[in-house]
**Student:** 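Here you go, one structure.
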Amino acid sequence: MEDEEEDPSSSSSQLNLPPSMNRPTVSLETQRINRLIHSDHYHSPSKPIYSDRFIPSPSGSNFALFGLEPSPGKEDGPGSYAGMLRTVLFEPETPEKRDVVTGFSPSSRNIFRYKTETQRPVTSFPPFGCDEGPSVSRSPVKPPRNILKSAYKVLDAPALQDDFYLNLVDWSAQNVLAVGLGGCVYLWNASSSKVTKLCDLGGDESVCSVSWALRGTHLAIGTSSGTVEIWDALRCRRIRTMGGHRLRVGALAWSSSVLSSGSRDKKILQRDIRSQEDHVSKLTGHRSEVCGLKWSYDNRELASGGNDNKLLVWNQHSTQPVLRYCEHTAAVKAIAWSPHLHGLLASGGGTADRCIRFWNTKTNTRLSCVDTNSQVCNLAWSKNVNELVSTHGYSQNQIIVWKYPTMSKLATLTGHTFRVLYLAVSPDGQTIVTGAGDETLRFWNVFPSPKSQRRESGIGALYFGRTTIR
């Protein structure tokens, strides 16, 4: 079609108009429309046409329905009308706005996409079902658990030693806390807040470690002279004294009727309290002081850490380690077995290491490592949820609650002014107690209660304030 103007009279003569309409007026309007459609200035249908009338696209019309043939024109294809409409609504597309996958801008893609979704079955809509799209959540996002950042109770603990290699705090299944202060051991009943002096070693001898038997009625005490004493906590009576070590006993761990003791003499002694012998076997493998001992929950594996930077794993009958882990670069005191996954072991290194490492002892696999930027003094898993807590020394003296396996921090707790060297977990698994060289014991509610637990813990927020343990 040529671009020269048509005679107004010839254009109007082609129109079927009512007699009442003025033909000259209609001819002028027709002339204006022809200019807009056929002008050389509007070559591309992708450019917007700014006018006061809507011009339909012939290529988008179904002429065959009415037995008509479309008139020739400068249409570029069946997508011209859609492209024109997108341009008017969303402005001309640029490479920055274009979607790299579909070629449409995000806004236009979302608008036009609804057409393919209107034919879903009724059962796919609430309340019959839910959207399967990846961006739609099936359930409300659970808010993070609120962990109180301050200790709810503080106990003064005079003479609590600031020694990284000792283990002076333990919490029994009977809800009684044992604390070694100098040459004495004190018991604090968490249900009644009653304090009892269990023993005084006398002389220059000091307490280096304490550990409750599984049932919580007998307490093992490691001393600076290398002996191990077993006490009946209910009667406040010593049952027996066992030798075997030449130097101080800084680590103790129970497995049913077997008590393991680790010493500065680099040895681990296995003691069966039913036997008359002081020990039934001797484990050798460390080249420096043994400062960490933990039995697995199934009582089949014993993990030991030492000042030689080694983490060793033993079975029930071995006298040599069955697994050796040498990745830590500082003393390994912090050791914890997972109660949720069989064979999962966590360990923490001292000041020069600062890392928490995870191991699968069933497959002898090194799993992961997290740099905490601070000396790792203790580790403990929650038995209620898949979380763990770590206490730290140089240089931040903080307590961190971690989510496993992502190792995202749920809370960082501060309050101690010295290294947080001691840690124990309450029998209900909700509360931890920490001890430090600042001679205080601090109680924190960090873990949730078990799902089956319906009653409040006996050691909760009812015990606010600060008192002394002796």
Side-chain angles (χ1 to χ4, degrees), residues 165 167 170 173 209 211-215 218 220 222 228 230 242-245 249-328 331-349 356-369 378-381 383 388 404 425:
Y165 301 100
N167 293 275
D170 198 20
S209 55
S211 180
W212 287 101
L214 300 183
R215 294 183 180 180
H218 290 80
V228 175
I230 308 296
M242 297 175 287
H245 289 296
V249 179
L252 295 168
W254 285 91
S255 170
S256 185
S257 60
V258 176
L259 173 64
S260 304
S261 60
S263 169
R264 182 177 266 182
D265 65 9
K266 313 172 190 176
K267 302 295 189 296
I268 300 172
L269 299 183
Q270 304 284 55
R271 310 173 186 271
D272 190 335
I273 60 174
R274 299 167 298 182
S275 171
Q276 294 182 353
E277 302 293 331
D278 283 351
H279 60 274
V280 294
S281 64
K282 181 184 296 186
L283 313 184
T284 57
H286 286 286
R287 297 182 178 180
S288 188
E289 180 171 10
V290 179
C291 51
L293 279 178
K294 284 292 172 62
W295 278 97
S296 61
Y297 281 86
D298 60 3
N299 295 324
R300 293 182 178 181
E301 294 178 295
L302 173 67
S304 63
N307 197 28
D308 56 0
N309 309 344
K310 301 295 188 294
L311 173 67
L312 307 181
V313 179
W314 320 72
N315 62 31
Q316 292 172 302
H317 309 292
S318 65
T319 56
Q320 294 293 321
V322 294
L323 297 175
R324 292 176 180 267
Y325 299 117
C326 306
E327 279 73 6
H328 286 291
V332 181
K333 176 191 176 186
I335 301 172
W337 292 92
S338 170
H340 310 290
L341 188 60
H342 189 57
L344 176 58
L345 176 63
S347 60
I356 300 175
R357 299 177 184 271
F358 296 90
W359 322 86
N360 185 336
T361 62
K362 295 306 170 187
T363 60
N364 191 20
T365 305
R366 296 157 180 80
L367 299 177
S368 60
C369 175
N378 294 279
L379 288 170
W381 289 87
K383 65 181 182 180
L388 69 159
Y404 188 82
V425 183

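The basis for the numbers below is simple: all heavy atoms, side chains too, and nothing from hydrogens, waters or symmetry mates. Residues take their numbers from the sequence shown, with the count starting at 1.
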**Student:** Any chance you could measure I273, atom CD1, to Q276, atom CD, to the nearest 0.5 Å?
**Tutor:**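 I273 CD1 to Q276 CD: 13.5 Å, rounded to 0.5 Å.
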
**Student:** Give me the atom names and distance for the closest heavy-atom approach of N315 to S318.
**Tutor:**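 Heavy atoms of N315 and S318 come nearest at OD1-N, 2.6 Å.
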
**Student:** Kindly say whether V249 contributes a backbone atom to a donor-acceptor pair with the side chain of S209 at under 3.5 angstrom?
**Tutor:**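 The answer is yes, because a donor-acceptor pair under 3.5 Å joins these two groups.
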
**Student:** Quick check: do W381 and L341 have side-chain heavy atoms less than 4.5 Å from each other?
**Tutor:**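 No. Closest side-chain heavy atoms not under 4.5 Å.
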
**Student:** Between the side chains of Q320 and T284, is a donor N or O closer than 3.5 angstrom to an acceptor N or O?
**Tutor:**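 There is such a pair (donor and acceptor under 3.5 Å, judged by atom type) between the side chains of Q320 and T284.
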
**Student:** If you look at every heavy atom in A213 and W254, which pair is closest and at what distance?
**Tutor:**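 Heavy-atom minimum between the residues: N-NE1, 3.5 Å.
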
**Student:** Say you draw a straight line from NE2 of H286 to SG of C291; how long is it, rounded to the nearest 0.5 Å?
**Tutor:**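 These two atoms lie 8.0 Å from each other.
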
**Student:** So W337 and E301, do their side chains get closer than 4.5 Å, heavy atoms only?
**Tutor:**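 Heavy-atom side-chain distance check passes, below 4.5 Å.
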
**Student:** Does any non-hydrogen side-chain atom of L302 lie less than 4.5 Å from one of L283?
**Tutor:**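 In contact.
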
**Student:** Answer yes or no: is there an ion pair linking K267 with D265, defined by an N-O contact shorter than 4.0 Å?
**Tutor:**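 No, this pair does not count.
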
**Student:** Report the residue from N309, V332, N364 that forms a side chain to side chain contact (heavy atoms under 4.5 Å, CB included) with Y325.
**Tutor:**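 Of N309, V332, N364, side chain to side chain contact (heavy atoms under 4.5 Å, CB included) with Y325 is met by N364 alone.
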
**Student:** To the nearest 0.5 angstrom, please state how far the OG atom of S281 sits from the CD atom of Q316.
**Tutor:**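 If we round to the nearest 0.5 Å, S281:OG and Q316:CD are 11.0 Å apart.
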
**Student:** Is K362 atom NZ crowded by more than 12 heavy atoms from other residues, nucleotides or ligands, each under 6.0 Å away?
**Tutor:**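 Count over threshold, so yes.
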
**Student:** So do F358 and L388 actually touch side chain to side chain, heavy atoms under 4.5 Å?
**Tutor:**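 L388 vs F358: side chains touch.
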
**Student:** Between R300 and W295, which heavy-atom pair has the shortest distance, and what is it?
**Tutor:**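 Where R300 meets W295 most closely, the heavy atoms are C-CZ3, 4.2 Å.
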
**Student:** For N307 versus A331, what's the shortest heavy-atom pair and its separation?
**Tutor:**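 Residues N307 and A331, closest heavy atoms: OD1-CB, 3.3 Å.
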
**Student:** Is there side-chain contact between W359 and L323, with at least one heavy-atom pair below 4.5 Å?
**Tutor:**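 When only atoms from C-beta onward are counted, L323 and W359 do not touch, as no gap falls below 4.5 Å.
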
**Student:** To the nearest 0.5 Å, how far apart are OG in S263 and CD in E289?
**Tutor:**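 Going from OG on S263 over to CD on E289, the span is 7.0 Å.
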
**Student:** Do R324 and K310 have side chains that approach each other closer than 4.5 Å (heavy atoms only, starting at C-beta)?
**Tutor:**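 SC-SC contact between R324 and K310 ruled out.
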
**Student:** Between NE2 of H245 and NE2 of H279, what distance do you get to the nearest 0.5 Å?
**Tutor:**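 Output value for this atom pair is 8.5 Å.
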
**Student:** Which atom names give the shortest non-hydrogen contact between G243 and D278, and what distance separates them?
**Tutor:**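 Shortest heavy-atom separation between G243 and D278 comes out as N-OD2, 3.2 Å.
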
**Student:** Is the shortest heavy-atom distance from the side chain of L345 to the side chain of K294 under 4.5 Å?
**Tutor:**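 When only atoms from C-beta onward are counted, K294 and L345 do not touch, as no gap falls below 4.5 Å.
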
**Student:** Rounded to the nearest 0.5 Å, what separation is found between the CG atom of N360 and the OG atom of S368?
**Tutor:**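 One finds 11.0 Å between CG of N360 and OG of S368.
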
**Student:** Would you call E327 and R357 a salt bridge, using N to O less than 4.0 angstrom?
**Tutor:**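 Salt bridge between E327 and R357, a charged N being under 4.0 Å from a carboxylate O: no.
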
**Student:** Please say which of L259, I335, I268, N167 ends up in a side chain to side chain contact (heavy atoms under 4.5 Å, CB included) with L293.
**Tutor:**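 Result: among L259, I335, I268, N167, I268 is the only option passing the side chain to side chain contact (heavy atoms under 4.5 Å, CB included) with L293.
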
**Student:** Of all heavy-atom pairs between S211 and L252, which one has the smallest distance, and what is that distance?
**Tutor:**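 For S211 versus L252, the nearest heavy atoms are CB-CB, 3.7 Å.
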
**Student:** Is the closest side-chain heavy-atom distance between L269 and V228 below 4.5 Å?
**Tutor:**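 With C-beta onward as the side chain, the pair stays apart.
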
